[in-house]
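Take a look at the structure below.
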Amino acid sequence: MTIDTASAERAVAPAARAIEVVGGDLTEKSLRRYLEGIPGVDAVGLETRASALGTRSIKTTSKAWALDRIIELIDLTTLEGSDTPGKVRSLVAKALVPDAADPSTPRVAAVCVYGDMVPYAVEALGSAHAAGSHTGIQVAAVATAFPSGRASLAVKLADTKDAVAAGADEIDMVIDRGAFLSGRYGEVFDEIVAVKAACERDNGTFAHLKVILETGELNTYDNVRRASWLAILAGGDFIKTSTGKVSPAATLPTTLSMLEVVRDWHRLTGEKIGVKPAGGIRSSKDAIKHLVTVAETVGEDWLTPELFRFGASSLLNDVLLQRQKLRTGAYSGPAYVTVD
Amino acid sequence: MSRLTIPKTYKLYIGGKFPRSESGRVYEVATRGGDFLANAAKASRKDARDAVVAARSAVSGWAGTSGYNRGQVLYRIAELLEGRSAQFVAEIMRVEGASESAAVAQVDKAIDRWVWYAGWSDKYAQVTGSSNPVAGPYFNLSVPEPTGVVAIVAPQGEGSLLGFVGAVAPALVAGNTVIVLASERYPLSAISLSEVLATSDVPGGVVNILTGSPAEITPWLASHADVNALDLVGAGALEWVDLQIAAAETLKRVLPPEEGPDAAAPSLDRIAAFTETKTVWHTKGLL
Amino acid sequence: MTFLNYAPAPESTAILDLRPSYGLFIDGAFVDGHGAPLTTISPATEKPIAEIATADAHDVDLAVAAARRAYDTTWSRMSGADRGKYLFRIARLVQERARELAVAESLDNGKPIKETRDVDVPLVAAWFFYYAGWADKLDYAGLGPSPRSLGVAAQVIPWNFPLLMLAWKIAPALAAGNTVVLKSAESTPLTALLFAEILQQAELPDGVVNILSGAGDTGSLLVNHDDVDKVAFTGSTKVGREIARSTAGTGKKLTLELGGKGANIVFDDAPIDQAIEGIVTGIFFNQGQVCCAGSRLLVQENVHDEVVERLKERLRTLRVGDPLDKNTDVGAINSAAQLKRITELSAVGEDEGADRWSPECALPDAGFWFAPTIFTNVSTSHRIARDEIFGPVLSVLTFRTPDEAITKANNSPYGLSAGIWTDKGSRILAVADKLRAGVVWANTFNRFDPASPFGGYKESGYGREGGRHGLAAYLAPSRADATVRSTVPAVARTQAEPMAAPEPVVETTNEDTK
């Protein structure tokens with residue numbers, strides 16, 4: 001792909017982080033240069049490290065803590081074309097009381113729905129809705145022509161604004177993978193900046209912005225790493241692996257790679273960015289591997305809902321089964337957790 | 001009336017030059033019948049030391065040439081030797097007392113030996129190296145590389161040219177540099193060969209030839225820390241076990257003495273003996 | 001609570017059914033030894049594990065005689081296919097008893113169960129599988145048709161990878177048709193004896209493998225025994241040198257895997273996170289008690305500070321402690337003697353002016369422990385940059401250009417291993433070409449595979465283990481071919497023939513003879 005000089009010199013949105021880190025007048029070219037200067041990733045080494053982290057053995061008290069924490073980190077998700085207000089209400093009920101048999105079970109971090117479902121989620125949550133605070137359950141909405149992201153910027157921004165206006169606390173946007181893969185980093189960047197602006201509420205506060213990279217489509221770890229930097233530079237509060245609609249979705253090496261970027265950003269600026277693996281994490285075992293990876297890569301400070309989330313739907317029930325096993329000492333079965 | 005001949009001064013060959021022994025010593029080389037033939041230089045331990053320095057400094061250049069290039073350089077030796085075969089035949093007849101046909105046969109064999117080994121230079125790695133199917137995402141290759149500086153005690157008996165070539169050529173094929181102790185009794189072929197080498201394309205220092213007493217000099221080479229390997233093919237009459245023991249101090253690779261007409265016979269093993277297998281692992285990742 | 005302080009996850013030792021005492025394994029049976037018995041202890045706790053019989057000269061004679069008998073009557077006559085089947089059986093039995101072997105190894109050696117479970121024992125099985133398949137394909141070993149075995153192999157192994165080194169030695173020896181007398185290391189005799197039980201379960205013919213315990217003197221008796229044909233040793237360069245001396249002139253074929261001071265070279269364009277992992281694997285795998293450890297880190301000067309900072313951060317997450325805990329990254333040092341050496345050399349490093357750093361980590365009171373340690377500000381002339389420490393101690397040096405990196409890497413009497421970290425493929429290949437080391441890892445470190453030849457240049461030894469090369473180390477050309485380069489002990493030929501009447505030099509050998 002050749003970039004003509006005019007477009008290379010094109011200024012990109014003056015996002016504060018990028019100005020501070022990349023410096024100077026931000027242009028397509030300076031952004032590209034910065035991203036291309038990031039050290040590469042050796043896939044074999046990354047995967048070896050991830051699989052080594054996956055062999056940690058988390059037992060007894062650590063496991064009990066981990067299971068509860070996993071629940072507290074879940075964005076309980078339904079993202080189907082067939083979603084209905086009833087389905088969303090049922091999801092919210094599960095979010096509020098994950099295990100009716102055990103009131104000590106913590107609540108999930110958020111429910112994650114399509115933008116048009118936000119009003120039903122907000123309504124169903126009632127006083128349990130976080131509504132901009134750190135307590136209570138957040139409502140996250142996917143936006144920007146999720147999952148493909150193939151729509152005009154105007155549509156994407158309208159999508160975002162609608163969801164925020166309806167009470168979404170968090171926006172899970174998708175990046176334009178086509179633009180990224182064809183090297184138009186500035187375009188991806190500008191779009192994130194614009195969506196971030198669209199997250200502003202009337203009172204001047206912002207809905208949290210999670211930037212979905214759709215790592216399965218970016219394909220290489222080098223791309224994942226660059227896209228992670230790009231999303232952070234453009235103002236993302238969270239970087240998120242996947243929509244869940246593309247395979248592979250969240251894999252441990254991908255999450256590890258993104259955590260490394262977050263760690264490096266923190267080293268560079270002192271600022272903490274969140275990470276959300278989404279899609280494909282179905283078992284407690286997988287989720288615990290992620291917790292280990294977070295703790296040993298960025299530190300356990302990150303194991304809070306403000307900085308780490310699981311985007312998942314079936315994970316919760318598996319964690320509940322494991323919790324029941326820990327509590328009773330006997331293995332549980334699917335009939336003893338609710339289907340929603 | 002015959003013309004009065006001009007006898008040659010037989011010198012050492014070190015670093016591409018022809019020095020006399022720094023010790024100033026010479027020893028008599030006689031014909032088979034016992035008549036005086038020449039005063040050959042009698043190398044000292046300091047000459048051996050200088051030869052090691054020359055050989056060491058030539059390693060990276062010689063080892064760094066392509067196999068194709070080394071093959072041509074070695075083949076060039078054969079070409080030059082062919083052109084001067086009469087001189088070698090005459091010397092072998094006088095020194096070894098060989099018949100003309102035997103001397104011719106020896107020189108021909110020696111020339112053919114260079115050609116045979118020359119052809120190996122860009123092939124032995126394919127035969128002795130390997131691609132290793134490891135269980136993991138790695139590209140894994142083993143390749144032979146030259147051991148470095150090799151000290152050789154050339155075969156000491158008749159067949160002095162062929163024995164010399166048979167010992168030296170395989171070490172050169174892989175890119176080693178050598179210090180050779182020529183046959184003490186029959187050194188003329190080796191010295192004349194040094195003149196061929198000097199006018200060939202073999203870089204100075206790649207082959208260094210010492211004449212004199214192997215019994216005196218070899219221990220210095222066997223214990224020299226900057227010598228990587230020791231070929232005792234012609235050391236059968238020396239206290240060669242002691243030499244091998246001395247070589248153990250720096251873990252030199254050692255080939256034992258061989259006797260008879262088969263000594264230093266042509267073989268891929270002789271090439272491989274002075275190579276080191278290097279295995280390289282590379283990660284293979286698509287993502 | 002802190003999550004990172006993971007609750008203990010100890011591997012159960014219930015799987016082990018150890019006897020209070022073990023004899024020598026000679027001629028298919030456990031027999032009494034006549035040396036002073038030794039008590040093997042757990043280096044993590046200093047608690048005794050079992051009493052182990054050791055071999056004296058008489059026992060060595062018995063073992064060699066048993067191996068000779070088995071060679072003459074059974075093993076050298078058996079078809080390659082059948083030898084292979086025994087090796088396959090052994091491989092399967094190792095897999096079946098993998099957990100037990102891993103626990104025993106961690107207990108006796110002090111290395112983390114994570115390593116014995118995921119590296120040592122799986123590789124042991126892989127080694128037997130690999131060489132099992134070679135047993136009936138010796139014609140392709142590179143020695144021409146119908147190569148022959150050597151006879152009785154004397155094998156002496158170290159304490160750092162007890163069972164794995166046993167596999168590296170025994171598998172190719174048996175595949176090639178040799179019989180074996182193996183001596184385990186004084187401080188780690190346990191798994192070799194469990195392996196002897198596996199041989200019994202495999203119904204390997206008596207005497208094909210004999211296993212002796214004992215110290216260096218037993219090893220010396222074994223390698224210098226008149227009736228052994230092959231000596232394979234892995235251990236220190238000092239002992240390797242002694243063996244090279246004592247076997248000189250005997251015609252015993254020799255393989256030596258000795259010390260190293262591996263250079264791990266990190267260029268400024270390296271995939272940095274993987275390089276950090278590679279540095280950690282390079283020097284802290286097995287507590288750095290690895291001959292091919294990347295104990296000299298050569299970092300390009302312009303990224304030195306960043307690499308060291310990241311490395312220190314990473315070391316803070318290493319868990320040092322109980323080898324049997326599944327989350328332990330760094331276990332115990334194998335012996336008091338080794339701990340003393342590491343401690344002394346590290347003190348020398350400080351005295352020489354290098355900067356010493358270790359992460360905060362609580363070390364157990366009992367047992368032999370040494371915290372992961374980094375020395376920065378190290379010069380090439382420092383002893384910690386030259387001597388093999390054989391412990392979790394990394395010396396960090398810098399370089400400016402690829403040439404300087406290569407020169408510094410090669411500036412060692414050793415030449416076993418090296419690492420290269422860069423994203424530039426052409427540089428990897430060029431640097432790999434110039435490193436004088438038997439194993440070069442590019443963007444990885446400390447990987448092993450039975451198909452991959454391993455061994456050193458220079459004072460790191462000679463011969464290769466693994467792959468076709470490792471098989472060839474236990475073979476000789478067929479008798480018919482043997483005239484080309486005789487393997488008959490050359491002592492017999494030390495007397496030069498008196499000068500015969502001049503004869504034409506006639507060569508009957510074809511020029512393309514192997």
Side-chain angles (χ1 to χ4, degrees), chain A residues 35-36 38-55 175 177 180-181 183 212-230 239-242 246-261 275 277 279-280 293 297, chain B residues 56 59-70 120-148 173-176 228-229 250-251 253 268-269 271-287:
Chain A
L35 293 176
E36 288 177 352
I38 293 164
V41 180
D42 185 89
V44 175
L46 178 71
E47 288 170 5
T48 305
R49 171 67 176 148
S51 93
L53 286 164
T55 67
I175 65 165
R177 284 86 75 188
F180 184 92
L181 289 170
I212 302 174
L213 310 179
E214 196 65 300
T215 54
E217 289 185 347
L218 297 185
N219 197 253
T220 70
Y221 295 120
D222 287 328
N223 279 346
V224 169
R225 180 162 283 209
R226 277 181 201 168
S228 299
W229 275 96
L230 185 149
I239 47 178
K240 175 174 168 183
T241 60
S242 333
V246 165
S247 184
T251 66
L252 198 55
T254 305
T255 307
L256 169 60
S257 180
M258 290 163 65
L259 286 163
E260 287 169 348
V261 174
V275 175
T293 303
T297 307
Chain B
R56 173 59 61 196
V59 168
S60 68
W62 182 240
T65 57
S66 67
Y68 178 46
N69 187 217
R70 273 202 307 285
W120 267 118
S121 64
D122 51 6
K123 298 167 194 68
Y124 76 95
Q126 288 180 309
V127 180
T128 65
S130 59
S131 154
N132 311 311
V134 298
Y138 302 97
F139 180 63
N140 192 246
L141 282 183
S142 292
V143 292
E145 294 193 338
T147 297
V173 167
N176 297 289
N228 302 108
T250 52
L251 279 310
R253 289 76 176 118
L268 176 60
D269 284 356
I271 301 174
F274 298 126
T275 63
E276 307 293 322
T277 298
K278 175 188 282 175
T279 298
V280 186
W281 294 65
H282 301 264
T283 51
K284 273 199 295 200
L286 197 61
L287 297 182

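Labels below follow one simple rule: chain letters A, B, ... track the order of the sequence lines, proteins then strands, and each chain is numbered from 1.
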Legend entry - Nearest heavy-atom neighbours spanning G285(B) and A43(A): CA-CB, 4.1 Å
Legend entry - Least distance between heavy atoms, L287(B) atom then E47(A) atom: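 What the structure gives for the nearest pair is CD1-OE2, 4.2 Å.
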Legend entry - Engaged part of D42(A) at the chain B interface, taking heavy atoms whose separation is under 4.5 Å: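 Interface part for D42(A): side chain.
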